[in-house]
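Read the structure below first, then the notes.
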Amino acid sequence: MTRTIVASATREIIIGFDQPFCVIGERINPTGRKKLAAEMIAGNFDTVIRDALEQAACGATMLDVNAGVTSVNPNETEPGLLVQTLEIVQGLVDLPLSIDSSVTAAIEAALKVAKGRPLVNSVTGEEEKLEAILPLVKKYNVPVVAISNDETGISMDPDVRFAVAKKIVERCADFGIPAHDVVVDPLVMPIGALGDAGRQVFALLRRLREELKVNTTCGLSNISFGLPHRHGINAAFIPMVIGAGMTSAIMNPVRPQEMEAVRGANVLNGTDENCTNWIRTYKDYKPAEGGQVIAAPTQVNAPGEGNGNGGRRRGGREARMARG
């Protein structure tokens, strides 16, 4: 069984087909958040601190950390800022982290100070990126997100995206990186623009699980881009991709509707044994008249909760999507 191990200084999480769905909190990311970007540039990390604590309290399994505040000289500005942000976050929460950057120097700087076993987000199928990132992944013995696009951009053909994923897995093997340390992002397209985007990703996920035997992730909210009431679409999408084989997603854990979908899917998928997490989270849940929730659940991760082992971005992503 494919298992990808990530860890903080004291907590280990397993991403796998037989594990609860891994929720990678997306909020610590200045892309599209001008106020956050301005704060980080000024050395103000109040929002970062609040987002880290809130996402952990709402049940995130991991936190994604991105410091891409500007496209101007990112090789100069991003490494130091990413290290500073990472150190603040890992001092606040006992969750594994995802190092999110398209800047190789920033990834390397962050890996030097990261505690435990973080996830590198990410590498693409571009040969230049493979040659730059994979040696770091091997050197620090960490897992990596593999995004299914290459020098030709993002293909609308799911067979091409599968071929790119296969190429990355094979190139990882060339560097001595096992397939269980590769978490493939098959690239979720907006359903509002591409009517079969859902069916495409479901089919891709099954192939990635059955043929490449790798864990998978995505930028979850990509599916609803451009549509009204996006959280409704996202919440419907979650159990469907989990059923098709997806094992993690970069998403907003602060949204109760979407986290309910994750927890419900874990129950129905058999990865929430005896419904323990569901009961603990919702035992005091009381809907008000007219369907309005008067006691929305708030969850703080208990030791070992969400990892199934008994205790132990969108920034770079959006930039890559735009280039495609």
Side-chain angles (χ1 to χ4, degrees), residues 1-8 11-26 55-64 94-98 117 119 143 145 179-186 188 198 201-210 212-220 223 234-283 285 297-312:
M1 184 65 72
T2 301
R3 293 188 166 194
T4 303
I5 296 175
V6 293
S8 65
R11 178 185 291 196
E12 180 180 284
I13 299 295
I14 298 174
I15 305 173
F17 306 128
D18 61 343
Q19 301 295 309
F21 190 69
C22 180
V23 174
I24 305 172
E26 71 180 8
Q55 289 181 106
C58 289
T61 318
M62 298 178 60
L63 296 184
D64 191 71
D94 184 27
L95 295 177
L97 302 180
S98 166
R117 195 169 196 253
L119 175 66
V145 174
H180 65 249
D181 274 340
V182 183
V183 181
V184 172
D185 181 347
V188 172
V201 77
F202 303 148
L204 263 172
L205 288 168
R206 294 185 185 99
R207 289 192 68 189
L208 290 166
R209 174 171 178 162
E210 294 167 7
L212 297 186
K213 297 178 172 55
V214 292
N215 281 309
T216 45
T217 195
C218 72
L220 186 89
I223 192 68
N234 296 346
F237 186 56
I238 287 166
M240 297 185 76
V241 289
I242 292 176
M246 186 166 280
T247 50
S248 70
I250 300 171
M251 56 181 285
N252 188 352
V254 179
R255 299 292 181 181
Q257 187 175 7
E258 294 170 33
M259 288 302 290
E260 286 172 6
V262 169
R263 295 183 183 116
N266 286 339
V267 169
L268 299 172
N269 209 29
T271 56
D272 181 3
E273 189 173 357
N274 299 319
C275 308
T276 301
N277 187 38
W278 181 271
I279 293 168
R280 178 168 53 232
T281 305
Y282 297 108
K283 60 184 174 61
Y285 179 89
T298 299
Q299 172 180 318
V300 177
N301 283 338
E305 181 176 296
N307 62 6
N309 66 349
R312 286 199 284 257

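Computation of the quantities below employed the complete heavy-atom set of this structure, encompassing side-chain atoms and omitting hydrogens, waters and symmetry-equivalent molecules.
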Notebook entry, point to check: Under the side chain to side chain donor-acceptor pair (under 3.5 Å) test, which residues partner Thr216, sequence neighbours left out?
Noted result: none
Next item on the list: Output all residues satisfying side-chain contact (heavy atoms from CB on, under 4.5 Å) with Ala236, sequence neighbours left out; order by chain, then residue number.
Entry: none
Item checked: N/O donor-acceptor pair under 3.5 Å between Asn266 side chain and Phe21 backbone -> yes
Margin query: Using the side-chain contact (heavy atoms from CB on, under 4.5 Å) definition, which of the options Met62, Met259, Glu258 pairs with Pro253?
Written below: Met259
Next item on the list: Working to the nearest 0.5 Å, report the span between CE of Met251 and CD of Glu26.
Entry: 8.0 Å
Next item on the list: Could you tell me which residues satisfy side-chain contact (heavy atoms from CB on, under 4.5 Å) with Val254, sequence neighbours excluded, listed by chain and number?
Entry: Glu54, Gln55, Cys58, Asn252
Margin query: Let me confirm one number: the CE-OG1 distance from Met246 to Thr217, rounded to the nearest 0.5 Å.
Written below: 6.5 Å
Check: Is there side-chain contact between Pro96 and Leu119, with at least one heavy-atom pair below 4.5 Å?
Finding: no
Notebook entry, point to check: For the side chain of Asp272 and the backbone of Trp278, is there at least one donor-acceptor N/O pair under 3.5 Å apart?
Noted result: yes
Checklist line | Interatomic spacing from SG in Cys218 to CG in Leu204 - rounded to 0.5 Å | finding: 11.5 Å
Next item on the list: Would you check if Val241 and Ile223 make a side-chain contact, meaning some heavy-atom pair closer than 4.5 Å?
Entry: no
Note to self: Going by side chain to side chain donor-acceptor pair (under 3.5 Å), name the residues that satisfy it together with Asp94, two or more places apart in sequence or in a different chain.
What the structure shows: Ser8, Thr10
Check: Looking only at atom types and distance, does a side-chain atom of Thr2 sit under 3.5 Å from a main-chain N or O of Lys213, one as donor and one as acceptor?
Finding: yes
Notebook entry, point to check: Under the criterion side-chain contact (heavy atoms from CB on, under 4.5 Å), which of Leu95, Val23, Val262, Ile15 is the partner of Thr61?
Noted result: Val23
Margin query: Taking side-chain contact (heavy atoms from CB on, under 4.5 Å) as the definition, give me every residue that meets it alongside Gln257, ordered by chain and number, with sequence neighbours left out.
Written below: His229, His231, Ala235
Notebook entry, point to check: Atom CD1 of Ile14 and atom OG1 of Thr247: how far apart are they, to the nearest 0.5 Å?
Noted result: 12.5 Å
Next item on the list: Search all heavy atoms of Gly25 against all heavy atoms of Ala60 and return the closest pair with its distance.
Entry: N-CB, 4.4 Å
Item checked: With sequence neighbours excluded, residues passing salt bridge (Lys or Arg N to Asp or Glu O under 4.0 Å) with Arg207 -> Asp159, Glu211
Notebook entry, point to check: What is the minimum heavy-atom distance between Leu63 and Ile24, and which atoms define it?
Noted result: C-CG2, 4.3 Å
Item checked: Closest non-hydrogen atom pair, Pro143 against Ile5 -> CG-O, 3.9 Å
Checklist line | Residues in salt bridge (Lys or Arg N to Asp or Glu O under 4.0 Å) contact with Asp181, at least two apart in sequence or another chain | finding: Arg117
Notebook entry, point to check: From Phe17 CZ over to Ile242 CD1, what is the distance, rounded to the nearest 0.5 angstrom?
Noted result: 13.0 Å
Next item on the list: Evaluate the side-chain proximity of Val183 to Ser248: yes if any heavy-atom separation is below 4.5 Å, no if none is.
Entry: yes
Next item on the list: Would you please name every residue forming a salt bridge (Lys or Arg N to Asp or Glu O under 4.0 Å) with Arg206, sequence neighbours left out?
Entry: none
Notebook entry, point to check: Distance from Glu260 atom CD to Thr281 atom OG1, nearest 0.5 Å?
Noted result: 10.0 Å
